[in-house]
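In listed order, ligands and their atoms are each counted from 1.
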Amino acid sequence: MAVIEVKNFKKCFGDKVVHEDVSFYVKKGECLGLVGGSGTGKSVLLRSLIGLEKPDGGTIHINDREVSNLKESDWIDLRKTVAYAFQGGALFDSMTVYQNLAYPLNEHSHLSQSEISTRITSQLNDFGLAGTESLYPSEISGGMQKRVGLARAMMLEPEVILYDEPTAGLDPYNTKRIQELILKLKAKGVTAILVTHDMPTAFAVCDKFAFLKDKVIKEQGTTEQLKNQPNSLIHQFVEGNIL
Ligand SMILES: Nc1ncnc2c1ncn2[C@@H]1O[C@H](COP(=O)(O)OP(=O)(O)OP(=O)(O)O)[C@@H](O)[C@H]1O
Ligand SMILES: [Mg+2]
């Protein structure tokens, strides 16, 4: 069953058409790699999947529910199951790392403060962030901010995770840790879309790919197919031969 299904999606900002006609689906437990040049609308597409942008055409189904015209109150509900790991981290600057991670649990769960504390400690360990609890985002490195953002997105144990360049700016060691975490969540059945230019990570975790170009998906294929097609557009893109 498709957990995410996008059909004939269209999105404009004023006169500017970002997506003309985009269709794809992601089945339960699958990870789709969404690749494409800067400005091709990858983040806009992810934002549309959690209701932060309204489509100008087409449909978006999540778990068989058409979501493009949901009321804001229904989105708040849906965002408990669909997490978005923002490209820039999007941390609350006036909150400590601990408070940032506690936020979704305080808002959307009924856990006690001691249960929240236990979960945060384990999450910080998993993300190599132990000891940063009382620091503010401005007091940690960019790579650490990124990991705090990811850790926060995963706090509610979502069914779907949308990763927007989760390894950009990370060193190889932390990139590998994030890869492992994505794989771990995948093994639990989490459905995902991964936007990235980091192809080793993409090939390690994605089952299939979609390549955005000229306002449409120009190419789709399984990871196996793409590995065996050196002339594919995605290969050309990864090699830096086309934009
Ligand atoms: N709120 C907005 N208002 C107007 N234009 C926007 C808005 N958000 C995005 N855009 C435009 O939509 C296009 C796609 O932006 P988007 O951020 O989705 O690109 P991207 O593929 O994620 O790029 P990158 O790889 O650099 O992150 C860009 O031209 C951008 O300027
Ligand atoms: Mg982006």
K.L.:
So for atom NZ, which belongs to Lys71, do other residues, nucleotides or ligands contribute more than 12 heavy atoms lying within a distance under 6.0 Å?
P.N.:
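Check fails, neighbour count at 12 or below.
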K.L.:
Can you tell me which residue among Thr201, Leu150, Ile178 is in a side-chain contact (heavy atoms from CB on, under 4.5 Å) with Leu170?
P.N.:
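Of the listed options, the one satisfying the test is Ile178.
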K.L.:
In terms of residue, atom name and distance, what is the protein heavy atom nearest to atom 27 (O) of ligand 1?
P.N.:
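Scanning the protein heavy atoms, the shortest distance from atom 27 (O) of ligand 1 goes to Gln87 NE2, 2.9 Å.
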K.L.:
Salt-bridged, Glu107 to Lys80, with N to O below 4.0 Å?
P.N.:
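No salt bridge links Glu107 with Lys80.
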K.L.:
Is the shortest distance from atom 30 (C) of ligand 1 to a protein heavy atom below 4.0 Å?
P.N.:
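Answer no: nothing from the protein, no heavy atom, is under 4.0 Å.
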K.L.:
Please say whether more than 12 non-hydrogen atoms of neighbouring residues, nucleotides or ligands are located less than 6.0 Å from OH in Tyr25.
P.N.:
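Open: at most 12 neighbouring heavy atoms sit under 6.0 Å from OH of Tyr25.
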K.L.:
I'd like to check which ligand 1 atoms, numbered from 1 as shown, lie under 4.0 Å from a non-hydrogen atom of Lys16.
P.N.:
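Listed by number with element: 29 (O).
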K.L.:
Taking C-beta and beyond as the side chain, do Phe127 and Arg177 meet within less than 4.5 Å on heavy atoms?
P.N.:
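A side-chain contact under 4.5 Å is absent here.
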K.L.:
Under 6.0 Å between ring centres, would you say that holds for Phe203 and Phe209?
P.N.:
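Yes, the ring of Phe203 comes within the 6.0 Å limit of the ring of Phe209, centre to centre.
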K.L.:
Under 3.5 Å between any N/O of Phe13 and any N/O of ligand 1: does that happen in this structure?
P.N.:
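No, Phe13 has no N/O under 3.5 Å of an N/O on ligand 1.
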K.L.:
Show me which atoms of ligand 1 lie under 4.0 Å from any heavy atom of Gly41.
P.N.:
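Contacts of ligand 1 toward Gly41, numbered from 1: 14 (C), 16 (P), 18 (O), 19 (O), 20 (P), 21 (O).
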K.L.:
Looking at atom 17 (O) of ligand 1, what's its closest protein heavy atom, distance included?
P.N.:
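Minimum-distance protein heavy atom for atom 17 (O) of ligand 1 reads Ser43 CB, 3.8 Å.
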K.L.:
Consider every N or O of Ser38 and every N or O of ligand 1, then say whether any pair is closer than 3.5 Å.
P.N.:
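Yes.
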K.L.:
Do me a favour and list the nearest non-hydrogen protein atom to atom 18 (O) of ligand 1 with residue, atom name and distance?
P.N.:
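Result: Val44 N, 2.9 Å.
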K.L.:
Just to check, does Glu165 reach to within less than 4.0 Å of ligand 1 when the distance is taken from its heavy atoms?
P.N.:
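Under 4.0 Å: yes for Glu165.
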K.L.:
Considering heavy atoms of the protein only, find what lies nearest to atom 12 (O) of ligand 1 and give residue, atom and distance to 0.1 Å.
P.N.:
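Here the closest protein heavy atom is Val18 CG2, 3.4 Å.
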K.L.:
Please determine whether side chain to side chain contact (heavy atoms under 4.5 Å, CB included) holds for the pair Arg65 and Leu78, giving the CA-CA distance in whole Å, both sets of side-chain angles, and the decisive distance to 0.1 Å.
P.N.:
CA-CA 10 Å; Arg65 184 175 179 198; Leu78 198 71; 4.2 Å; yes
K.L.:
Is the distance from the Mg ion (ligand 2) to some N, O or S atom of Ser43 under 2.8 Å?
P.N.:
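An N, O or S atom of Ser43 is closer than 2.8 Å to the Mg ion (ligand 2), so yes.
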K.L.:
Please state which protein non-hydrogen atom is closest to atom 25 (O) of ligand 1 and give its distance, to 0.1 Å?
P.N.:
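Answer for atom 25 (O) of ligand 1: Lys42 NZ, 2.7 Å.
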K.L.:
Got a salt bridge between Asp207 and Lys186, using NZ or NE/NH1/NH2 to carboxylate O under 4.0 Å?
P.N.:
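Between Lys186 and Asp207 there is a salt bridge, with a charged N closer than 4.0 Å to a carboxylate O.
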K.L.:
Which heavy-atom pair separates Met154 from Ile161 by the least distance, and what is that distance?
P.N.:
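In this case the closest contact between Met154 and Ile161 is CG-CD1, 3.8 Å.
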K.L.:
Within a distance under 4.0 Å of any heavy atom of Gly37, pick out the atoms of ligand 1 and give their elements.
P.N.:
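Per the distance check, 21 (O).
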K.L.:
Can you tell me the protein heavy atom closest to atom 13 (C) of ligand 1 and the distance?
P.N.:
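Ranking protein heavy atoms by distance from atom 13 (C) of ligand 1, first comes Gly39 O, 3.7 Å.
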